[in-house]
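Each chain gets a letter, A, B and so on, in the order the sequences are listed, and its residues count up from 1. As the structure is a computational prediction, the values presented were derived from the model and not from experiment.
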Amino acid sequence: MDVSHLIDGLNAAQREAVSAAPGHLLVLAGAGSGKTRVLTQRVAWLVEVEGVWPHAILAVTFTNKAAAEMRGRCERLLNRPTQGLWIGTFHGLAHRLLRLHWREAGLLETFQILDADDQQRLIKRVISEQGLDDTRFVARQGTWMINAWKDEGKRPRDIDPGDNPDLARWIEVYQGYEASCQRQGLVDFAELLLRSHELWLTQPALLDHYRRRFSHLLVDEFQDTNTIQYAWIRMLAGSSAQVFAVGDDDQSIYSWRGARVANMQAYTRDFPNVSTIRLEQNYRSTGTILAAANAVIKRNSERLGKELWTAAGNGEPISIYAAYNEQDEARYVVERIRRAVAEDIRPSEIAILYRANALSRVFEEELIRHGVAYRVYGGLRFFERAEIKDALAYLRLLANPADDAAFERVVATPPRGVGDKTLEDLRQAARSGGVSLLQTAAEASREGTLKGRARGGIEALLSLFASLRESADGDESPRLYERLEGLIEGSGLRAHYAAQSKHDADSRVDNLDELISMARGFVLSADDEAAGISEMAAFLSYAALESGEGQGEAWDDCVQLMTLHAAKGLEFPCVFMVGMEDGLFPSQRAIDEGGSAQLEEERRLAYVGITRARRQLTLSHAESRRLRGMETWNRPSRFISELPRNTIVEVRPRAQLSRGGNFGQPRKQPTQDWGDEPGIALGSQVSHAQFGEGVVVAAEGQGDHARVQVNFEDVGSKWLVLAYANLVVLG
DNA sequence: TCTCTTACGTTTTTT
DNA sequence: ACGTAAGAGA
């Protein structure tokens, strides 16, 4: 058989991985080393060369985007649809298992997926139902703990509160939350995994079935697996399946949400004869960029060890820009972008990366000012928008009348005269009767226990549902989008948001229309159809599992703005890492508490950032920065000083010095301390609100840019922008 | 019950 | 600075 198309163009290590003999394999794939290619060609190799039935292969990733890309590439390689081949995210595959075996898993057939928002709302409800003080028991924290427990595979009974009474209460909240989910047929993200793991644990016959079926498991981004995901893989693999794990410990940046790099070591221990292959040749970046990345990551102690190299040349040095403040930083970056675009670099080939979302704003403003098209990643996703969740809540309640979370949403928007009082009565009655809110509302309406406006509102709602259900049962059952359209009109949602948007000026109504057109274009997959899942149920799951706007679609031709986390897996010819300041990146938290583990994770994040760049990399920091309404003064990030000297070039703004004399007109109106003072002379004694007293030793720049170097008694020498520093001249 | 005002808490995020 | 989430008047 001719296997050259699976092997040609690969380097030795890649080829070794793709064509590895049967057995377990750990591929340590450095950034830009062709990981996805190896993974997909391995699948093709298994099918075409080893003669493995596609049916017997399961490939798992973390994001829908990665799964889609893998499926697409496999189909192209194998030249046929990947029928029977399970490719998906951990959550997607777990969800499929639960849909197929809902009865064995102890779920309602109509179970729905609870998103993060609904989850927190529900936990809050449980906290108040248990009569806990919600200032001491904060829902956000509870959500975080419960998710962490689930990620570790722990049920309430597995947690020992010791002699910590708060912890004991939290365990009760967890219990209450579980009971509530169970009653309503709701499953949160972590539950998908935990529940499917338990499904196998408690149903040996089922487990056996899947173990017989899947002889080959492939896992992408192995460094990001958490405890339950690893256990899931291990359980499915048993002692027969071959596991092909690909990961990079240097790119592990999600430990704060339960990811355990240690799973990579555990894998080599828990499975017999795991061979390790390192992919170290990089096809993305210049030699300079790789030298910088290698030097930075080398400072971490907990590493499996790996050093990237390239056959390409060194390329340009890395630029470091020391800005006066965040405005100056934005000005510089956008100026550079405009210059690059003028030199025929496409805007979509340029990325601005930052540690925290809050940093994006200045850059957006500056980009707008210069009419540069840009796109910000992150933030609210389509299916998380309030108006979309409202519309979907109607659908959810239609699909699963026990879904109280959906009922609460539905009853509150649009306002229909049903307020806290009525709702609390309904909850009481529902709890004591052990039935759903919807059912309780129907009973209350029948018995006439509702009064005033509330009665009209509830009755209108009930009749809306009756008519929606009736039309579904008719001979000509409406398509999903028609039902959605009907409910958006009939409920008054559209009118409600239309009325709101008059002053909001945003396009909530347009989003509702977009949702309808998404429903119109929605196609039930063959897998779902085979599993007997309705169009509506499938659409709702899709909405929950694929949060909308496929991450990484470089829309039009826009400059890309995103966090360093969001940039993982992407690459850009031209990258700006901004806000490179101690306290921001590495974050203050990592500096203060973490000890070295957190700092090492920040360093890996820096490594991820650096390795996103193909040709041009620029790092910038600002001496002063307005953040959260407060002026802060940060030192350049320690990661900048970890770059080898020969890889960087420091860009300085052209300084217009006026030495010796007076300089630096305060910006805007002079401050009180300043009065009509002509300026500050070298050698002046000055005082700063934060740094204390010091002597002016140098100065440069004019107007907004005027800066002085002050030697402070306590904190040493610093450059300060006069317009912002509010220095008081002493004596 | 709805709407307006005040207080709070602010890494990173997928599913 | 800013957006959300809980509390007070209409």
Side-chain angles (χ1 to χ4, degrees), chain A residues 60-67 88-95 113-117 119-121 124 128 134-135 138-141 144 147 150-151 187-193 221 224-226 228-229 253-259 326 353-359 361-362 377-381 383-384 386 411-423 451-454 456-457 500 541-548 550-552 562-569 579 583-594 598 601-602 604-605 608-609 625-631:
Chain A
V60 61
T61 64
F62 277 84
T63 65
N64 291 301
K65 187 184 168 232
T89 62
F90 275 103
H91 294 88
L93 297 178
H95 172 249
I113 299 166
L114 201 60
D115 74 17
D117 217 54
Q119 182 188 28
Q120 187 165 312
R121 226 183 286 272
K124 186 171 206 159
S128 80
D134 65 0
T135 57
V138 185
R140 247 170 52 93
Q141 197 194 344
W144 192 86
N147 283 335
K150 289 193 178 190
D151 285 345
V187 171
D188 63 43
F189 290 126
E191 183 77 18
L192 289 168
L193 287 156
E221 305 277 19
D224 286 339
T225 52
N226 62 29
I228 189 70
Q229 286 159 342
I253 55 175
Y254 285 112
S255 75
W256 51 273
R257 66 176 200 216
E326 80 281 2
L353 309 181
Y354 34 80
R355 176 66 235 265
N357 287 118
L359 282 253
R361 199 182 198 94
V362 222
Y377 287 78
L380 261 207
R381 272 167 287 276
F383 287 112
E384 286 167 358
V411 86
T413 23
R416 46 167 59 80
V418 181
D420 265 351
K421 180 73 178 67
T422 313
L423 205 48
K451 39 190 182 323
R453 264 190 294 183
Q500 277 210 331
S541 301
Y542 168 81
L545 286 172
E546 326 229 343
S547 45
Q551 170 209 7
M562 67 189 83
T563 62
L564 288 156
H565 282 90
K568 194 173 79 154
L584 260 174
F585 186 36
S587 71
Q588 197 56 49
R589 264 174 137 111
I591 296 171
D592 295 341
E593 0 183 324
Q598 285 199 43
E601 178 142 323
E602 297 280 305
R604 289 192 292 271
L605 195 53
V608 167
R625 178 180 299 280
R626 264 187 108 68
L627 204 58
R628 301 190 207 109
M630 292 251 296
E631 190 103 21

Think [X] has a side-chain N or O under 4.0 angstrom from the OP1 or OP2 of [N]?
{"X": "A/R589", "N": "B/dT12", "answer": "no"}
{"X": "A/N64", "N": "B/dT15", "answer": "yes"}
{"X": "A/R381", "N": "B/dT14", "answer": "yes"}
{"X": "A/N357", "N": "B/dT13", "answer": "yes"}
{"X": "A/S587", "N": "B/dT12", "answer": "no"}
{"X": "A/R140", "N": "B/dC8", "answer": "no"}
{"X": "A/T89", "N": "B/dT14", "answer": "no"}

Which is true for [X] with a 4.0 Å heavy-atom rule: it touches a base, it touches only sugar-phosphate, or it touches nothing?
{"X": "A/D224", "result": "nothing"}
{"X": "A/R416", "result": "sugar-phosphate"}
{"X": "A/D420", "result": "sugar-phosphate"}

Under 3.5 Å, side chain of A/H91 to main-chain N/O of A/L192, donor-acceptor pair present?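 It does not hold such a pair.
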Quick check: does any side chain N or O of A/E546 sit under 3.5 Å from a backbone N or O of A/N64, one acting as donor and the other as acceptor?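 Checked: no pair found.
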Sequence-distant partners of [X], side-chain contact (heavy atoms from CB on, under 4.5 Å), two or more places apart:
{"X": "A/A190", "value": "A/N147, A/K150, A/D151, A/D188"}
{"X": "A/R628", "value": "none"}
{"X": "A/T422", "value": "A/V418, A/L450, A/A454"}
{"X": "A/A412", "value": "none"}

Rounded to whole Å, how long is the line connecting atom [atom1] of [X] with atom [atom2] of [N]?
{"X": "A/E546", "N": "B/dT14", "atom1": "CD", "atom2": "C1'", "result": "12 Å"}
{"X": "A/R604", "N": "B/dT12", "atom1": "CZ", "atom2": "P", "result": "18 Å"}
{"X": "A/D117", "N": "C/dT4", "atom1": "CG", "atom2": "P", "result": "11 Å"}

Is A/W256 stacked on the base of B/dT12, with ring centres under 5.5 Å apart and planes under 30° apart?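 Yes.
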Partners passing salt bridge (charged side-chain N to carboxylate O under 4.0 Å, His left out) against A/R257 (at least two apart in sequence or in another chain):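 Here no residue qualifies.
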Nearest to side-chain heavy atoms of A/T563, which nucleotide of C/dC2, B/dT15, B/dT13: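 Nucleotide nearest to A/T563's side chain: B/dT13.
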Minimum-distance nucleotide to A/R628 side chain [options: B/dT1, B/dT11, B/dT12]: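 The listed nucleotide nearest to A/R628's side chain is B/dT11.
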At a cut-off of 3.5 Å, list every protein nitrogen or oxygen paired with a nitrogen or oxygen from nucleotides 8-10 of chain C, distance to 0.1 Å.
none

Given that A/A356 and A/L192 both sit by DNA chain B, which one's nearest nucleotide is further toward the 5' end?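 The 5'-side residue here is A/A356.
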